[in-house]
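Each remark here refers to the structure printed beneath this line.
Ligands are counted one by one from 1 in listed order, and the atoms in each one are counted from 1 as well.
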Amino acid sequence: MMNSYQILKEIKQIVDKSKSFLITGQYNPDGDSIGAELALYKILSVAKRDQSGTLDPEVVIDVVNEELPPHRYRFLPNFQAVKSLEEVRGRRYEVGFIVDGGRDRTGKVLPLLEKCDYTVNIDHHKSRLASTDTISWIEPHVSSTCELVFEFIDHPDWKIPLTPDIATCIYAGMIYDTGSFQFSSTSPRTHRIAARLLEAGISAWKISEEVLLSKSYAALKLLTAVLSEVRRDPRGSILWSVITQKMLEETGATPQDEEGIINQYNFVEGCEAAILFKELGKNKIKVSLRSRGKIDMGAIAKTLNPGGGGHERAAGCTLEGSMEEVQERVLKAVEKALYGS
Ligand SMILES: [Mn+2]
């Protein structure tokens, strides 16, 4: 595989000869995905300026996901660049960027990517290593896709000024994926980049409030309901809970309000595996999996459903079956991985 220096050089060559760009990621973008998308939007806008500093009027840069990003990310600079699929229907782009998502996770944006002349995949998910894109830049040991996107700043072919708007987007993604520099993926480089972002003049505390701390009253009610349903296996290392449609109706919570609930379990003493089962509809259950490091949840998610996946410590999949059937199947797989039977 090429090194990042060479990869960024090749991306620059493609960007230089093109005028229309699609930026996408996971069909339901999280903080890292939207942060990387908007940072890249700004990077491409700067790269496509002429010497007088104005953007070539023929240049089109659209950020599109199947679902619009959660409300909480509206504070991010250039959020207005995010378009709905409806708004870009029929458009054709020369270059498609997929950040933090992989083709298989882009949902209804995939047909737009398939029409692109070139696709560039920038990601830190191990399961994306087999990508078929024109350029594939996958570094699984890196904390976030935003941390990779930061490399555009210093590369000699790009030389993008580190303005507060780019820095804000990158910081948002980094704190989202590292849980404010708490998770094991956090490296010395993560902190060095964070220092550069702070030096660029961002309001780190404000970004933390918006991305990680603020929650709706409905989210608090949902959290309380889910926590009250917590269960633990007899051997004591697996904690799980459920989110039912009834809970969502009673609390008025939205899917965005579920973010972070599973982390409440993951760090309970003795817990090696945390699972959250969410009722999506009749016989369809979304399963979120967290590991403290003893077992590889990405591998388990893939075994349960080839469409699932993620990282060793955080993964997920969607399964068919009743809540009881799915719970039994998933618990069996996790128990087998953890205890050997
Ligand atoms: Mn990520």
Side-chain angles (χ1 to χ4, degrees), residues 4 7 23-41 43 63-67 69-70 72-73 76 82 97-107 109 119-131 133 136-152 166-187 189-191 193-194 197 207-208 210-212 255-256 258-260 262-263 266 286 288-291 293 296-299 301-302 307-317:
S4 58
I7 289 170
I23 303 173
T24 189
Q26 298 168 23
Y27 72 96
N28 55 350
D30 66 15
D32 187 29
S33 205
I34 183 66
E37 287 174 345
L38 290 176
L40 191 58
Y41 170 83
I43 289 166
V63 177
V64 186
N65 299 291
E66 181 179 316
E67 289 177 14
R72 61 169 69 234
Y73 299 114
L76 287 173
V82 178
F97 282 90
I98 317 153
V99 290
D100 200 51
R103 274 168 182 264
D104 56 320
R105 296 278 291 152
T106 56
V109 181
T119 53
V120 180
N121 184 3
I122 306 175
D123 201 349
H124 67 129
H125 289 82
K126 194 158 69 177
S127 49
R128 310 272 151 65
L129 280 170
S131 129
D133 298 289
S136 219
W137 182 17
I138 319 283
E139 295 200 31
H141 58 280
V142 169
S143 76
S144 55
T145 297
C146 278
E147 194 174 318
L148 283 175
V149 169
F150 182 83
E151 293 200 26
F152 281 85
I166 295 181
T168 295
C169 296
I170 293 179
Y171 193 80
M174 285 175 65
I175 59 168
Y176 182 85
D177 264 20
T178 62
S180 274
F181 313 108
Q182 295 180 97
F183 301 155
S184 64
S185 55
T186 307
S187 70
R189 186 175 89 154
T190 313
H191 282 289
I193 293 173
L197 302 175
I207 302 169
S208 292
E210 300 275 8
V211 173
L212 297 171
Q256 300 160 25
E258 295 156 20
E259 272 191 11
I262 194 167
N263 293 332
N266 204 13
K286 183 181 149 195
S288 304
L289 301 153
R290 297 290 182 274
S291 160
D296 181 350
M297 286 302 196
K302 271 232 168 304
H311 307 278
E312 273 172 37
R313 287 172 180 256
C317 60

Does the side chain of S4 pick up a donor-acceptor pair with the side chain of E139 at under 3.5 Å? no

Angle at the Mn ion (ligand 1) between NE2 of H124 and OD1 of D100, to 10°? 90°

Output the atom name for the N/O/S atom of D32 with the smallest distance to the Mn ion (ligand 1). OD2

Tell me, which N, O or S atom in D177 is closest to the Mn ion (ligand 1)? OD2

Any chance you could lay out the side chain to side chain donor-acceptor pair (under 3.5 Å) test for D177 and S144, step after step, and finish with the verdict? CA-CA 6 Å; D177 264 20; S144 55; 5.4 Å; no

Taking the six-membered ring for Trp and the single ring otherwise, decide whether the centroids of H124 and H141 are under 6.0 Å apart. no

Between Q26 and S33, do the side chains contain a donor N or O and an acceptor N or O under 3.5 Å apart? no

